[in-house]
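Below is one structure; the comments refer to it alone.
Ligands are counted one by one from 1 in listed order, and the atoms in each one are counted from 1 as well. In this text the structure is predicted, and so the values were computed from the model without any measurement.
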Amino acid sequence: MALVTGGNRGIGAACAVALAAAGDRVAVASRGGSAPEGMLGVRMDVANTESVDKAFAEVEAEFGPVEIVVSNAGIVRDTLLATMSEDAFQEVVDTNLLGAYRVAKRAARPMMRMRRGRLIFVSSVVASTGGPGQSNYAASKAGLIGFARSLARELAPRNITANVVAPGPIRTDMTDALTEAQRAALTAQVPGGRMGEPADVAALVAFLASPQAGYISGALIPVDGGLSMGH
Ligand code: NDP
């Protein structure tokens with residue numbers, strides 16, 4: 001069974017739908033606790049260890065151990081370094097990077113016992129390219145790469161893979177919150193000149209979760225219309 005954090009909307013919801021279409025039982029977690037139709041939604045704040053533990057216990061009680069984790073929950077608090085408060089930096093790292101650590105740590109032990117598992121982390125193209133006003137976000141998303149690659153090494157003997165997907169600009173609530181000018185600047189960097197859809201990311205996530213992807217681990221795979229040219 002699969003658990004998708006931040007799975008109630010945007011990229012996470014598309015991942016949940018794609019995994020369900022591939023035949024997995026799927027639960028989604030978010031602070032709000034809602035879910036795409038027909039899926040179990042649990043409340044989880046990835047910035048709080050107790051909340052992560054409680055949500056996992058709920059999911060395990062319903063479906064048994066989690067075999068696939070999509071660590072997708074993420075936030076932005078963009079501003080230039082000159083005005084970046086320590087609080088804004090910390091909050092983003094606490095959710096995006098430490099949140100992934102809390103979720104992966106809670107998921108890993110049962111996976112180790114089962115001797116199988118898939119950890120998939122949703123990073124961003126900004127991890128490689130940087131982004132003005134996004135030093136906190138880029139740091140958190142770049143941190144995920146080193147984190148996942150370490151897990152890929154640690155957990156390989158237990159048949160657990162850890163991979164990172166790096167979306168470019170994708171049409172979701174997160175990018176709807178940008179101004180028209182900001183969106184135009186983003187899409188101008190994409191060779192195809194358009195934003196991606198959540199389903200574009202979900203297709204890759206579903207593949208990484210599948211048995212066919214068992215020999216892929218420690219990978220960083222962009223879904224960005226060529227923006228990063230593979231980096
Ligand atoms: P949205 O803002 O649409 O969704 C974010 C999701 O994360 C929501 O489900 C939200 O649910 C959840 N979330 C946020 N904070 C927490 C928390 N503390 N605990 C649990 N859940 C939380 O974003 P997207 O779908 O666009 O983004 C999904 C991921 O993809 C993020 O990690 C983002 O950084 C990344 N990404 C997005 C890109 C884009 O262009 N859209 C590009 C590159 C990467 P709730 O508010 O109910 O908690």
Please list the nearest protein heavy atom to [atom] with its residue and the distance rounded to 0.1 Å.
atom                    : answer
atom 16 (C) of ligand 1 : R31 NE, 3.4 Å
atom 44 (C) of ligand 1 : S123 O, 3.1 Å
atom 13 (N) of ligand 1 : A73 CB, 3.9 Å
atom 25 (O) of ligand 1 : I11 N, 2.9 Å
atom 3 (O) of ligand 1  : R9 NH1, 3.3 Å
atom 12 (C) of ligand 1 : G6 CA, 3.6 Å
atom 8 (C) of ligand 1  : N8 OD1, 3.5 Å
atom 33 (C) of ligand 1 : Y137 OH, 3.5 Å

Should [X] and [Y] count as side-chain neighbours, where that means a heavy-atom distance under 4.5 Å?
X    : Y    : answer
L19  : V4   : yes
V103 : M44  : yes
V66  : V59  : yes
R116 : I160 : no
I221 : L208 : yes

Under 4.0 Å from any heavy atom of [X], which atoms of ligand 1 are there?
X    : result
P169 : 40 (O)
D173 : 3 (O)
M44  : 19 (N), 20 (C)
G10  : 25 (O)
G74  : 5 (C), 7 (O), 14 (C), 31 (C), 32 (O)

Run down the list [options] and name the one with the heavy atom closest to [atom].
atom                    : options            : answer
atom 30 (O) of ligand 1 : L178, V122, V125   : V122
atom 41 (N) of ligand 1 : V76, V165, T172    : T172
atom 31 (C) of ligand 1 : V28, N72, N96, N48 : N72

Can you confirm, on distance only, whether ligand 1 has an N/O atom lying under 3.5 Å from any N/O atom belonging to [X]?
X    : result
G32  : yes
G33  : no
D45  : yes
I170 : yes
V46  : yes

Answer with yes or no whether [X] contacts ligand 1, where contact means a heavy atom under 4.0 Å from a ligand atom.
X    : result
T5   : no
G196 : no
P198 : no
M195 : no

Pairing of [X] and [Y] as salt bridge, 4.0 angstrom limit:
X    : Y    : result
R106 : D53  : yes
D45  : K54  : no
E50  : R102 : no

- Per-residue contact class, A13 against ligand 1 - non-hydrogen pairs under 4.0 Å: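 The answer is neither.
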
- Any idea which heavy atoms bring V93 and S140 closest together, and the distance?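 Of all heavy-atom pairs spanning V93 and S140, the closest is CA-CB, 4.1 Å.
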
- Note on the structure: Minimal heavy-atom distance between V165 and V201, with the atoms involved, is CG2-CG1, 4.2 Å

- Task: Starting from the C-alpha separation in whole Å, work towards a yes-or-no answer on side chain to side chain contact (heavy atoms under 4.5 Å, CB included) for D173 and R9.
- Result: CA-CA 8 Å; D173 291 350; R9 54 190 157 92; 3.2 Å; yes

- Query: Do you know which of V122, I120, V46 makes side chain to side chain contact (heavy atoms under 4.5 Å, CB included) with N72?
  - Reply: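 Output: one option passes, namely V122.
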
- Message: Testing V126, T187, L186, V125 one by one against L227 for a side chain to side chain contact (heavy atoms under 4.5 Å, CB included), which residue passes?
- Response: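 Passing option: V125.
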
